[in-house]
Structure formats: C-alpha cells, structure tokens
Participant: 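Got a structure here, written out as structure tokens. Questions coming.
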Amino acid sequence: MIGSGNYTMCETGDMNCYEFYLEATKQYGDYDAVQHMDLRVKRSQFIDDIESLAAYFYSELGLRRGDVYTIFCPTNVESLVGFYALNKLGVIVSFVHPLLPTEMLKEYVESAHSKGVMILDLLSKDHVKTLNKLGVPVLLCRNSDYAAPVKKYATRAGEGILEAIFPKFKNCTSFSAAIKKHRGDRVEGVKNNSSDIAVYLNGGGTTGKSKTIMLTNKNVNEVPYKTAYIDEIHEPGEEAEIIILPFFHAFGLCLAAHMALCNAARVIPLMKFNAKLVIKLYKKNKIIALVGIPNMFKKLYHTEGFDGPHLSNTRMMFVGGDDLSPKFLQDFNDMLERNGTSARLRQGYGLTEVCAPCCANTNWVNKDGSIGKPFEGVRMEIWDDNCNRVPNGEVGEICVTGSTVMAGYYDGTGERGIGLYYDKEGTPWVRSGDLGYQDDDGFFFFAGRKKRLIIISGYNVYPVDIENLMDTLPFVRESCAVRGEKDGRPLVRLYVSLKEKGLDQDELREKIIKTCEDNLDKFSVPREVIFMDELPHTPLEKVDFMALEKMAV
C-alpha cells in the first residue's frame with residue numbers, strides 16, 4: 001500500500017481494472033459512488049449494475065476473454081458500468097468518439113472485430129442503417145437510465161425517444177432492460193489478468209482517423225496507484241469530482257474517472273461540457289477536484305458565477321492536453337487564492353500512449369511555466385532525432401518509458417510493440433512527437449508539437465511562444481500560429497479571435513505585430529495576422545491548427 005495521511009491505495013498486482021476498483025474501495029463501505037445530475041448511486045448499486053450487465057454480456061452475447069466490444073457513448077454512468085462489466089469478463093473495450101460520422105463508426109467496429117455496440121438513444125438515429133448492416137447487437141442506453149425519480153418528465157421523455165428508435169434496430173436491447181433481466185445473476189469473471197489488453201483508445205489525432213492505442217489493465221491501474229496521492233479523499237461519497245473529459249480519451253478514462261472512482265470519490269460524469277452546469281454542480285456539491293484541458297478552464301474562468309466561495313472546497317485542479325499561457329495561469333490562480341482554497345491550477349503533461357498523465361506540478365512540488373516532474377515509475381528524457389539524450393536546457397523530443405507505456409498500436413492482428421522504440425537494453429519508449437526541455441532541477445518544459453515547428457531560414461520558431469504572448473493582450477480571446485507561405489518562402493501566419501466585435505482590426509493588427517517585435521526574435525514575428533469570429537476546434541476543444549494550416553488565404 002502507498003499512502004498520505006488517512007489515505008491508502010492498494011498495489012496493482014495482477015488485477016484487472018474491475019478487481020482493482022473493488023479492492024481499492026472496499027475499505028470505505030457503502031458510500032455514494034456515482035451521480036447523474038442530482039441522483040446519487042451507492043457503491044453497492046453501482047457494483048450490482050456492473051455484475052448484472054456482465055451477466056447479460058456473458059449469457060446473451062457470449063462475450064469471452066479477448067473479445068472486443070465498442071462503447072459509442074458520451075461521458076455517462078452507463079459507460080462506466082459497461083466498462084467495468086466488460087473488463088470483468090476480460091473483454092477489450094473499444095471507446096469511440098460518439099460524434100464521429102457513421103462511416104467512421106463502421107470502420108472502427110470492423111477493424112476491431114467488435115461483437116457489439118453500446119450507444120446513446122439520442123445519438124443513435126444516424127447509425128441505425130450502419131449497425132443493422134454490420135449485424136452486431138446494440139445496447140441502447142438513454143439519458144434517463146439514472147435520472148432521479150422526481151424528474152418524471154425526464155424519464156417520460158427518455159422512454160419516448162427509446163420507444164421511437166428501438167424498433168428500427170434489428171438486434172437491440174435497452175441498457176435498463178438488460179440489467180433488470182439479469183438482476184441478481186452472477187457469472188465468473190477473469191481474474192489476475194493484468195497483462196491483458198483492457199481498452200482500445202484512439203490517439204489525439206487532430207483530424208481524421210487516428211491510431212488505435214492498446215492499453216493493458218496494468219497500464220490503466222498504474223494511473224490511480226502512482227498518482228492518487230495528489231487527489232486524496234477525506235470523506236468518501238461526500239467529496240465529489242465532476243468528470244468533464246470523454247472516456248474515449250485516456251485523460252478522461254484513466255485519470256479523471258478510474259483514479260477518482262478508485263479513490264472513493266463520488267464521480268459526476270457530464271455528457272457534454274457546459275460551464276454554467278459545472279458552476280451549478282459546484283454550488284450544490286462538495287467538489288474537491290477538477291481535471292480538464294485549457295479551453296475548459298478558460299470558459300469556466302470567463303463564465304459569471306464560477307468565481308466564488310464554492311471553490312473553497314477544491315484541493316486539486318489539474319490541466320493537461322495542451323499548453324496554458326503564464327498570464328492566464330496567474331490570473332486563474334489569483335482567483336483561487338482569493339476564494340480561500342489551497343488548490344492551484346497545476347499544469348501537467350501526458351499522452352494516450354502512456355495512459356495520459358506522466359508528469360505534473362503538484363501543490364507542494366512545482367515550478368512556474370513547467371509541466372512538472374515525472375510521476376513515480378515514469379522516466380522522461382529529451383532526445384534528438386537520432387534518439388540520443390540532449391543536455392539540460394536544449395530543446396528536443398519528449399520521450400517516455402515506464403509502467404504506463406502502451407502495449408502498442410493496434411494493427412488488426414493484436415501484435416504488441418508496434419509504434420514503440422526499444423533502446424539497447426530492450427526498454428520500450430514512446431516518442432511523443434512533442435518538443436520540450438529539462439532544466440537542472442529536473443522539471444520539464446513543453447515547447448510545442450514537433451509537427452507544428454516552423455523553420456524559417458534555418459531558425460526554429462515555436463508557435464506556443466507566440467500564442468502565450470497573445471494571451472497578454474486584453475483584446476485577444478484565442479490565437480493560433482501556423483506555417484504559411486508567400487512566393488515560395490515560409491512565414492508565420494497568426495489567426496486571432498477577439499473578445500469583442502466591432503473593434504478596429506487594422507489598429508489591433510499593428511498592436512499585435514508591435515508586441516511580437518518587442519518580445520520575440522524577428523523570425524517569430526507574424527507576417528500575416530488574420531482575424532476570425534471563431535477559431536476551429538477539435539472534438540477535444542483544442543484549436544485545430546491543422547485545419548488552419550490548410551486554409552487558403
């Protein structure tokens with residue numbers, strides 16, 4: 001066991017994710033484990049639903065160890081029940097973004113040889129023909145599966161949608177019916193299979209179909225085991241965490257959900273990020289931790305009502321997935337401080353290939369501007385293009401090894417090791433494709449995506465430096481620097497959205513260029529500044545720089 005104060009966390013051992021959850025939380029009794037809006041669900045009911053659904057998967061679908069099943073749902077309680085039920089049986093869960101077009105759903109299901117799909121009724125209309133043609137059984141869940149009884153209108157509306165869509169599927173069962181039918185049934189699960197693949201997750205491809213990453217039970221369990229000390233729960237079931245990140249991304253599944261659940265926090269999944277709803281939940285619940293990406297925290301910061309005494313319960317805020325400017329980080333932390341909380345918005349770093357988090361600042365070990373130090377069991381180095389470690393302070397590629405490193409990219413065969421780099425000792429490494437450097441104190445710093453590096457006259461231009469500078473200008477809402485070209489020569493093109501409409505863009509363009517000339521080297525000064533009402537975003541709320549690079553000017 002490892003621990004801090006009153007907190008203890010079991011070692012991962014040979015357990016699968018469901019075994020680990022049971023073992024990690026049994027010491028806390030029957031607390032409130034999950035919540036959908038205002039309805040709290042006890043740990044006993046949560047486990048009973050998992051066991052009942054596992055019986056359905058085993059008895060009616062014949063799912064067995066090594067099979068694959070697709071969860072095509074937003075961030076909801078049903079997805080958590082489904083994940084643990086399938087994990088108990090040794091079934092690989094393929095999490096797929098629920099807003100992808102039906103052609104891509106078909107491609108993911110076929111390439112993974114998936115034997116079924118769980119889908120939300122509200123999102124299923126466009127996929128009926130595809131799923132019927134694939135011939136896979138469909139498990140249809142609805143927004144009201146875990147609705148509070150007092151919200152009868154929500155239940156009736158949910159039933160109406162279900163009744164309308166249900167007959168259109170050739171082979172379909174509702175989530176609630178499957179659990180009701182198998183209530184009390186128990187089937188033997190697979191145990192001590194930590195090396196088995198637990199999930200297929202799709203990497204952070206900005207556009208189009210990304211690589212499918214295979215993570216083992218051991219990989220996923222190492223996240224709460226090695227990082228849970230930063231998220232200690234004092235009152236199991238009373239202290240809550242809002243999950244605003246999707247489960248099809250390791251940041252949401254491994255860090256936000258599995259870690260919080262194994263810590264005995266009450267988790268409140270949100271199917272869609274909504275700043276006003278987050279604030280409402282903050283005021284009605286004792287929220288002690290929040291994990292998100294930069295744009296989510298920016299929207300919260302600028303939404304009326306987030307700044308208030310309800311923040312005083314929060315002890316941990318963690319941001320990853322992209323870089324935050326020092327100016328915004330300071331403003332946000334000033335807000336936390338004046339509301340009497342010990343929490344600060346701490347930057348970290350990770351990628352799906354290593355189950356999301358591999359290093360972070362904490363409230364007790366941190367350095368401004370850095371992405372922190374590696375977690376226990378994780379080793380990070382900065383390499384050149386020939387896989388040689390570079391001196392401290394020199395920019396190179398961030399490379400990671402350790403117990404959370406993926407089994408490899410899925411190629412259709414399940415062969416392991418694809419996409420990993422093995423050093424002379426046979427140690428597997430993930431080459432992140434991100435640029436950074438390490439200082440003499442052991443802290444790491446992010447310098448941007450390698451593919452975003454702009455080379456002008458042999459000089460390296462890092463877009464993140466330009467974008468962080470833009471965050472100091474009071475009229476800029478968002479910015480994105482990309483590689484442009486004029487007369488066959490590369491240049492920096494800067495896209496900007498403004499906080500207010502009707503401003504004099506010619507005047508602001510001059511201010512932007514003058515600010516860059518005063519603070520950056522000459523190669524990093526944008527030669528073109530283009531204003532947009534709204535910058536394009538990826539499904540994970542990141543600015544879609546690839547879309548901007550492709551835009552004609």
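Residue numbers start at 1 and run along the sequence shown. Below, each value reflects all heavy atoms present in this structure, side chains not excepted, and no hydrogens, waters or symmetry copies.
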Participant: For Asp439, look at atom CG and say whether over 12 heavy atoms of other residues, nucleotides or ligands are found less than 6.0 Å away.
Facilitator: yes
Participant: Would Lys373 count as a cation-pi partner of Phe443, with NZ or CZ less than 6.0 Å from the six-membered ring centre and within 45° of the ring normal?
Facilitator: yes
Participant: Distance from Asn202 atom CG to Ile213 atom CD1, nearest 0.5 Å?
Facilitator: 7.5 Å
Participant: For residues Ala198 and Asn87, report the shortest heavy-atom separation together with the two atoms involved.
Facilitator: CB-ND2, 3.9 Å
Participant: Would you call Lys218-Glu222 a salt bridge at under 4.0 Å N-O?
Facilitator: yes
Participant: Salt bridge or not for Arg489 and Glu485, using N-O below 4.0 Å?
Facilitator: no
Participant: Should Thr314 and Tyr282 be marked as a side-chain hydrogen bond (donor to acceptor under 3.5 Å, both in side chains) after you check the CA-CA gap, both sets of side-chain angles, and the distance that decides it?
Facilitator: CA-CA 10 Å; Thr314 302; Tyr282 242 101; 2.8 Å; yes
Participant: Which atom pair, heavy atoms only, marks the closest approach of Lys226 to Gly377?
Facilitator: NZ-CA, 3.9 Å
Participant: Would you call Glu549 and Arg483 a salt bridge, taking side-chain N to carboxylate O under 4.0 Å as the test?
Facilitator: no
Participant: Salt bridge check: are Arg142 and Asp121 linked by an N-O gap of less than 4.0 Å?
Facilitator: no
Participant: What is the minimum heavy-atom distance between Phe247 and Leu201, and which atoms define it?
Facilitator: O-CD2, 3.7 Å
Participant: Quick one: CD1 on Ile242 to CG on Leu281, what's the gap to the nearest 0.5 Å?
Facilitator: 5.0 Å
Participant: So, for Leu123 and Leu99, which heavy atoms are closest and what is the spacing to 0.1 Å?
Facilitator: CD2-CD2, 4.2 Å
Participant: Quick one: do His249 and Phe95 satisfy ring pair (Phe, Tyr, Trp, His ring centres under 6.0 Å)? Show the steps, please.
Facilitator: CA-CA 8 Å; His249 193 277; Phe95 281 99; over 10 Å; no
Participant: Between Asn221 and His258, what is the shortest heavy-atom contact and its length?
Facilitator: OD1-NE2, 2.9 Å
Participant: Any ion pair linking Asp504 and Arg509 (charged N to carboxylate O, less than 4.0 Å)?
Facilitator: no
Participant: Testing Thr75, Asn76, Val77 for side-chain contact (heavy atoms from CB on, under 4.5 Å) with Cys73, which one passes?
Facilitator: Asn76
Participant: To the nearest 0.5 Å, what is the distance between OH (Tyr495) and OG (Ser479)?
Facilitator: 13.0 Å
Participant: State whether Tyr409 and Lys211 meet the cation-pi test: NZ (Lys) or CZ (Arg) under 6.0 Å from the six-membered ring centroid, and within 45° of the perpendicular axis.
Facilitator: yes
Participant: Count the heavy atoms belonging to other residues, nucleotides or ligands that lie under 6.0 Å from CG of Asp518, then report whether that count exceeds 12.
Facilitator: yes
Participant: Can a salt bridge be assigned to the pair Asp434 and Arg449 using a cut-off of 4.0 Å between side-chain N and carboxylate O?
Facilitator: yes
Participant: Do NZ/NE/NH1/NH2 and the carboxylate oxygens of Arg452 and Glu467 come within less than 4.0 Å?
Facilitator: yes
Participant: Do Val543 and Leu548 touch side chain to side chain, with heavy atoms closer than 4.5 Å?
Facilitator: yes
Participant: Any chance NZ of Lys125 has more than 12 other-residue heavy atoms, nucleotides or ligands included, within less than 6.0 Å?
Facilitator: no
Participant: So with a 6.0 Å cut-off around NZ of Lys450, is the heavy-atom count from everything else above 12?
Facilitator: yes
Participant: Minimum heavy-atom separation for Trp383 to Arg389, with atom names?
Facilitator: CD1-CA, 3.9 Å
Participant: Parallel, tilted or perpendicular: which fits the ring planes of Tyr301 and Phe332, with parallel below 30° and perpendicular above 60°?
Facilitator: tilted
Participant: What distance separates Leu473 CG from Lys499 NZ, expressed to the nearest 0.5 Å?
Facilitator: 9.5 Å
Participant: In this structure, are over 12 heavy atoms from other groups packed under 6.0 Å from Lys367 atom NZ?
Facilitator: yes
